[in-house]
Amino acid sequence: MDQTKIGLLIRSLRLERGLTQLELARRLGVTDRAVSKWERCQGCPDVSLLPGLTGTLGIPVDSLLAGDLDKQDSNGGSMKQTKFFLCPQCGNLITASGSAALACCGRTLTPLEPQRPDPDHQLTIEQVENEWYLTSPHPMTKDHHLSFVALVTSERVTLIRRWPEWDFQVRLPRGEHGLLYWHCTRHGLFRQIL
């Protein structure tokens, strides 16, 4: 832990959020002199204050302790780089079009790794009028089902959730081509070109 880096980061993030030292101190239940001490690199916050401090500043604890924020490339991501993150606790589904550090339910999430579909996970894709009609005989039970399908094109992500009590039938706009993703709750993420 480098108290100089931590102090400078606290100051930078406090100013970015438009907070005075006194306002930050009140949110944490400390004095403004304590905040001033941290920002002048003459000490570090107590461990018991870290959850409140990082929550107020909007950063993960490990970034505060490192005294540095990981900078992302300034390209803003690309739809071709879309990644899917799924929380194993609550089922929250999150997408990112570039590299990201995401967490949910206290867990750091890693992106799902897409794979080629095996015969048990093939989708039937038909053209019906102006739509793609996707079906699958895959089991749709509570503990084993296809949970979502997503079409990723150069400019958008179309994401549709599926639930265990429904047969797997999905309609997508036919005019769009891109990468088709779908997720099995037991076997992971699959991908193919559409």
Side-chain angles (χ1 to χ4, degrees), residues 1-115 142-145 147-148 150 152 156-157 159-164 181 183-189 191:
M1 274 183 14
D2 182 337
Q3 69 184 20
T4 301
K5 290 172 97 178
I6 292 171
L8 295 174
L9 182 60
I10 291 171
R11 177 177 165 67
S12 170
L13 293 170
R14 176 183 61 78
L15 293 173
E16 186 178 290
R17 280 158 182 70
L19 297 171
T20 65
Q21 287 181 343
L22 182 60
E23 289 169 331
L24 178 59
R26 285 185 177 154
R27 289 184 185 193
L28 300 174
V30 298
T31 66
D32 58 335
R33 292 171 65 190
V35 174
S36 175
K37 182 178 173 182
W38 306 335
E39 292 183 359
R40 288 182 289 119
C41 311
Q42 296 180 347
C44 288
D46 187 78
V47 173
S48 65
L49 298 173
L50 293 181
L53 181 59
T54 57
T56 301
L57 298 177
I59 61 170
V61 172
D62 55 344
S63 293
L64 179 65
L65 294 177
D68 191 26
L69 298 176
D70 291 331
K71 302 281 192 285
Q72 302 296 326
D73 291 336
S74 61
N75 67 7
S78 164
M79 296 312 272
K80 294 177 184 177
Q81 298 171 352
T82 297
K83 292 178 177 43
F84 298 89
F85 299 81
L86 190 62
C87 177
Q89 179 68 31
C90 70
N92 190 10
L93 176 60
I94 305 167
T95 62
S97 63
S99 59
L102 301 171
C104 187
C105 296
R107 294 169 171 82
T108 299
L109 302 179
T110 56
L112 299 171
E113 290 294 328
Q115 55 191 315
K142 187 171 183 165
D143 63 336
H144 187 204
H145 63 280
S147 63
F148 71 85
V152 178
R156 79 181 80 208
V157 174
L159 178 68
I160 300 173
R161 292 295 297 250
R162 295 288 90 184
W163 308 104
Y181 294 86
H183 179 260
C184 172
T185 55
R186 280 195 191 164
H187 301 102
L189 187 66
R191 175 180 67 194

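A tilted orientation is assigned to the rings of Phe84 and Tyr181, their planes being inclined by 30° to 60°.
Rounded to the nearest 0.5 Å, atoms CG (Leu50) and CG (Leu28) are 10.0 Å apart. Of the inter-residue distances, the one linking Asp68 atom CG with Asp62 atom CG reads 11.0 Å to the nearest 0.5 angstrom. Separating the CD1 atom in Ile59 from the CG atom in Leu57 is a distance of 5.5 Å, to the nearest 0.5 Å. Here the straight-line distance linking atom CG of Asp32 with atom CD of Glu23 works out to 11.0 Å at 0.5 Å rounding. Separation of atoms CG (Leu189) and CZ (Phe148) is listed at 5.0 Å; rounding is to 0.5 Å.
Proximity of Leu19 to Arg27: side-chain heavy atoms (C-beta onward) are separated by under 4.5 Å at one or more points. Taking 4.5 Å as the limit, every side-chain heavy atom of Gln81 sits out of range of all side-chain heavy atoms of Ser97. Residues Pro45 and Val35 have side chains not in contact (no heavy-atom distance under 4.5 Å, counting atoms from C-beta outward). For the pair Leu93 and Leu159, the minimum side-chain heavy-atom distance is below 4.5 Å.
Applying the salt bridge (Lys or Arg N to Asp or Glu O under 4.0 Å) definition to pairs two or more places apart or across chains, those involving residues 37-58 are Arg14-Glu39.
With sequence neighbours excluded, the residues satisfying salt bridge (Lys or Arg N to Asp or Glu O under 4.0 Å) with Arg186 are Asp143.
Arg107 places no side-chain N or O within 3.5 Å of a backbone atom of Cys87 that could act as its donor or acceptor partner.
In Arg161, the CZ atom is crowded: over 12 heavy atoms of neighbouring residues, nucleotides or ligands sit closer than 6.0 Å.
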I'd like a table of donor-acceptor pairs (distance under 3.5 Å, sequence neighbours excluded) in which one partner is a side-chain atom from residues 1-13, with atom names and distances.
residue, atom, partner, partner atom, Å
Asp2, OD1, Thr4, N, 3.0
Asp2, OD1, Lys5, N, 3.4
Gln3, NE2, Cys41, O, 3.0

